[in-house]
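Below is one structure, written out as structure tokens, with a few remarks after it.
All values below come from the heavy atoms of this structure, side chains included, with hydrogens, waters and symmetry mates left out.
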Amino acid sequence: MKPSEPTLSALSLTALLKVREGAQAELVQALRGLAQDLEQQPGCRQCLLSQDVGGGPRFLLHVAWGDPDAMTQGMASEPYRVLMGAMTTLATVELITPPLLPSRSCRAH
């Protein structure tokens, strides 16, 4: 069972994306399917895709793994490679956290 949010012990990758003009529908479709595929990989705790609250062209992708081996295997998987290709083809990656950093979650109350 996957937790509802990454824990501090989870290893994560977070990317802030700005969609290329005219590619938003295609990016959303690709990321939704690929995020589901990636989340099915062994050791993947969570794969979240969030859009700017105003519906703008910015998205946040967050992937959390349970341990370093799971992260290494997940990042070598076909769904991850396809996901990275879709991101770089259909969007500009504005920020990407270095791998192997503890995940930190922030929730509005």
Side-chain angles (χ1 to χ4, degrees):
M1 184 166 154
K2 297 184 187 299
S4 61
E5 62 182 76
T7 64
L8 287 175
S9 62
L11 301 170
S12 66
L13 172 91
T14 303
L16 180 60
L17 311 170
K18 184 173 181 184
V19 181
R20 297 188 194 280
E21 191 171 330
Q24 187 160 324
E26 186 178 0
L27 179 71
V28 169
Q29 182 179 0
L31 291 181
R32 281 186 182 154
L34 291 166
Q36 290 173 355
D37 291 345
L38 187 58
E39 196 167 45
Q40 298 305 310
Q41 296 294 310
C44 183
R45 291 185 173 210
Q46 190 172 56
C47 188
L48 297 172
L49 176 64
S50 301
Q51 184 176 7
D52 185 314
V53 292
R58 295 177 81 188
F59 290 82
L60 184 72
L61 175 70
H62 179 82
V63 185
W65 290 272
D67 60 70
D69 290 337
M71 185 175 191
T72 299
Q73 291 174 1
M75 292 175 79
S77 71
E78 184 64 17
Y80 184 83
R81 286 192 301 268
V82 173
L83 177 68
M84 292 298 114
M87 283 174 31
T88 58
T89 301
L90 301 172
T92 301
V93 179
E94 294 185 336
L95 169 74
I96 191 161
T97 60
L100 303 176
L101 289 178
S103 170
R104 291 175 181 83
S105 62
C106 178
R107 283 188 140 171
H109 295 280

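- One finds the CE atom of Met75 at 10.5 Å from the CG atom of Leu11 (value rounded to the nearest 0.5 Å).
- Contact of the Glu39 side chain with the Gln46 side chain is registered, since non-hydrogen atoms from C-beta on lie closer than 4.5 Å.
- Listed by chain and residue number, Arg81, Val82 satisfy the side-chain contact (heavy atoms from CB on, under 4.5 Å) test with Glu78 (two or more places apart in sequence, or in another chain).
- Across every non-hydrogen atom of His62 and Ala64, the tightest pair is NE2-CB, 4.0 Å.
- The line from OG of Ser12 to CZ of Arg45 is 11.0 Å long, rounded to the nearest 0.5 Å.
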For a side chain to side chain contact (heavy atoms under 4.5 Å, CB included) check, start with the C-alpha distance between Gln24 and Phe59, then their side-chain angles and the critical distance, and finish with the verdict.
CA-CA 10 Å; Gln24 187 160 324; Phe59 290 82; 4.2 Å; yes

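- Within a 6.0 Å sphere centred on CD of Glu94, heavy atoms belonging to other residues, nucleotides or ligands number more than 12.
- Looking at Trp65 and Gln73, their side chains never come closer than 4.5 Å, going by heavy atoms from C-beta outward.
- Ala86 and Ala30 make their closest contact through CB-CB, 4.3 Å (heavy atoms, listed as atom of the first residue, atom of the second, distance).
- Note that CG of Leu49 is 8.0 Å distant from CG of Leu17, once rounded to the nearest 0.5 Å.
- Heavy atoms from other residues, nucleotides or ligands lying under 6.0 Å from CZ of Arg32 number 12 at most.
- Annotation: the span from Glu26 atom CD to Thr89 atom OG1 amounts to 9.0 Å, rounded to 0.5 Å.
- Nearest heavy-atom pair across Ala15 and Met87 is CB-CE, 3.9 Å.
- Atoms CG and SG, from Leu38 and Cys44 in turn, are 4.5 Å apart once rounded to the nearest 0.5 Å.
- Annotation: side chain of Arg20 is not in contact with side chain of Leu90 (no heavy-atom distance under 4.5 Å).
- Listed here is the closest heavy atom pair of Gln41 and Ser77: OE1-CB, 3.6 Å.
- Atoms CG and CG, on Leu48 and Leu60 in that order, are 8.5 Å from each other to the nearest 0.5 Å.
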